[in-house]
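Step one of this worksheet: look at the structure below.
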Protein chains: 2
Amino acid sequence: MDQSQNTEERITAAAKEIFIQRGFAGARMQDIADKAGINKAMLHYYFRSKEKLFEVIFDEAFGTLMPRVQAILSSDKSVIEKFEDFADQYIALISEHPHVPLFVVHELSQDPDRFVEKIRSKGHFPKLSLFIAQLQQEVDQGRLRPYNPVHLMMNVLSMCIFPFVAKPMLKAVTQMDETTWNLLMQNRSEEVKRFLKQALIP
Amino acid sequence: MDQSQNTEERITAAAKEIFIQRGFAGARMQDIADKAGINKAMLHYYFRSKEKLFEVIFDEAFGTLMPRVQAILSSDKSVIEKFEDFADQYIALISEHPHVPLFVVHELSQDPDRFVEKIRSKGHFPKLSLFIAQLQQEVDQGRLRPYNPVHLMMNVLSMCIFPFVAKPMLKAVTQMDETTWNLLMQNRSEEVKRFLKQALIP
DNA sequence: GTCTATAATTTGATAGAC
DNA sequence: GTCTATCAAATTATAGAC
């Protein structure tokens with residue numbers, strides 16, 4: 001691990017890698033210490049417990065996504081433009097951190113209630129009601145084909161996020177190597193946007 | 001746990017629940033024993049180790065899906081009909097076992113290589129080349145809009161699987177209760193099919 | 001702040017009686 | 001086959017020297 005950072009940063013950087021790859025239950029404090037180039041005692045000196053350390057990582061992994069989503073949803077663009085922005089920005093961001101979505105989704109499913117409390121307290125709750133109203137309005141104006149708004153949002157989220165969540169499965173099933181996969185993901189955003197427009201524009 | 005089953009069945013039923021909910025690393029043999037209504041020693045008497053027991057559960061969870069997928073893909077229907085069959089059957093199946101996809105995807109990502117070896121040895125590898133050829137042919141005939149075949153398959157898989165993988169996150173973000181969620185999922189298949197047809201038919 | 005050594009706890013696995 | 005009691009290993013957490 002990079003010696004140029006201070007100890008606390010080295011720990012969080014190492015913990016991020018280990019937790020995101022192994023999950024909370026599968027992560028080992030020893031592995032985090034090794035990767036950070038220090039010993040276990042330091043982890044507790046800085047973060048007191050495994051759980052506290054995990055919380056810092058989880059909050060950051062989730063917290064970087066929601067503000068961007070909120071910014072996109074609350075702009076003054078059309079629904080289709082917002083979906084396109086989301087696909088572009090989300091896929092670009094996740095391409096840099098491909099393991100984050102699976103991490104978030106998996107840990108979240110272990111204790112959904114605690115999570116709801118957390119995002120509420122951090123103010124990360126996306127305000128979807130305005131966006132759904134906009135969606136309904138554009139349908140009424142005939143600018144979009146009529147779909148159930150929630151299903152439609154699920155479709156967009158699914159196509160942007162799922163390939164990264166299921167990367168190991170998809171790579172295995174299609175027998176792709178890493179290079180082929182990366183090339184494919186470079187086009188992902190454009191393909192999703194094309195597909196979306198065909199489905200959405202009357 | 002149901003006393004009418006024999007011990008081995010009680011164990012596998014209990015292990016399935018615990019492993020699928022907690023993952024391999026998060027599952028505790030004690031919890032499995034408790035849920036099965038027996039003691040830990042019995043688990044080892046029947047399955048020798050945690051890893052062996054896990055393998056039985058994982059193989060079953062994954063192995064029930066692939067034959068169905070293969071059957072759908074190798075029928076003599078059109079691409080769109082195959083996609084519709086997939087959406088219908090897959091969503092119906094998963095609605096009964098909503099935690100399976102996340103379980104498979106998460107455990108898979110821990111050790112992709114071992115998994116590839118496994119599905120290969122079990123003969124579960126889907127033969128996608130024929131389906132991709134059919135897809136290309138229908139595009140050439142002008143019966144489908146031209147999309148990259150792999151991206152197109154990803155889109156269908158994403159829309160069918162992701163909502164179940166991300167159920168806790170989606171429920172939290174949309175502030176849905178369980179009843180609302182179940183109602184929504186009852187319509188999922190129809191919505192996906194409608195969306196797909198609009199995107200696919202020229 | 002950082003380390004070594006060690007305590008305390010959890011957890012998978014086994015021995016042996018019935 | 002099933003149980004209780006126990007072991008052995010792994011893992012989180014802390015004590016105390018420097």
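Bear in mind that the values here come from a model prediction, so they are computed numbers and not experimental data. Lettering of chains follows the sequences in order, A, B, ..., and the numbering in each one begins at 1. Any value given below was found using the heavy atoms of this structure, including those in side chains, with hydrogens, waters and symmetry copies removed.
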Please name the pair of heavy atoms, one in [X] and one in [Y], separated by the smallest distance, quoted to 0.1 Å.
X: B:V105; Y: A:L102; result: CG1-CD1, 3.7 Å
X: A:A25; Y: A:R28; result: O-NH1, 3.3 Å
X: A:S109; Y: A:H106; result: OG-O, 2.8 Å

Divergence of helical axes at both termini of the helix from C:dG1-D:dC18 to C:dC18-D:dG1 - five pairs an end, 10° steps
10°

Atom [atom1] of [X] and atom [atom2] of [N]: how far apart are they, to the nearest Å?
X: A:Y45; N: C:dT4; atom1: OH; atom2: C1'; value: 17 Å
X: B:I11; N: C:dA13; atom1: CD1; atom2: P; value: 14 Å
X: B:I18; N: C:dG12; atom1: CD1; atom2: C1'; value: 16 Å
X: A:I38; N: C:dT4; atom1: CD1; atom2: C1'; value: 14 Å
X: B:F54; N: C:dA13; atom1: CZ; atom2: P; value: 14 Å
X: B:R28; N: C:dT9; atom1: CZ; atom2: C1'; value: 12 Å

Just checking [X]: base, sugar-phosphate only, or nothing, at a heavy-atom cut-off of under 4.0 Å?
X: B:Y46; value: sugar-phosphate
X: B:M29; value: sugar-phosphate
X: A:A27; value: sugar-phosphate

Considering only heavy atoms of chain B and a distance under 4.0 Å, specify the first and last nucleotide of DNA chain D in 5' to 3' order that meet this criterion.
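Reading along DNA chain D, I get D:dG1 to D:dT4.
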
Apply salt bridge (Lys or Arg N to Asp or Glu O under 4.0 Å) to the pair A:E191 and A:R194, showing each step before the final yes or no.
CA-CA 5 Å; A:E191 284 280 334; A:R194 237 161 36 83; 3.5 Å; yes

Could you tell me whether the phosphate oxygens of C:dT14, OP1 or OP2, come under 4.0 Å of any side-chain nitrogen or oxygen in B:H44?
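Looking at the OP1 and OP2 atoms of C:dT14, neither is under 4.0 Å from any side-chain N or O of B:H44.
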
Below 6.0 angstrom between ring centroids: does that apply to [X] and [Y]?
X: A:F83; Y: A:Y90; result: no
X: B:F103; Y: B:F19; result: no
X: A:F115; Y: A:F62; result: yes

Tell me whether the rings of B:W181 and B:F164 are parallel (<30°), tilted (30 to 60°) or perpendicular (>60°).
perpendicular

Would B:K50 and B:F24 count as a cation-pi pair here, with the cationic atom under 6.0 angstrom from the ring centre and within 45° of the axis?
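Geometry flag: set, cation within 6.0 Å and 45°.
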
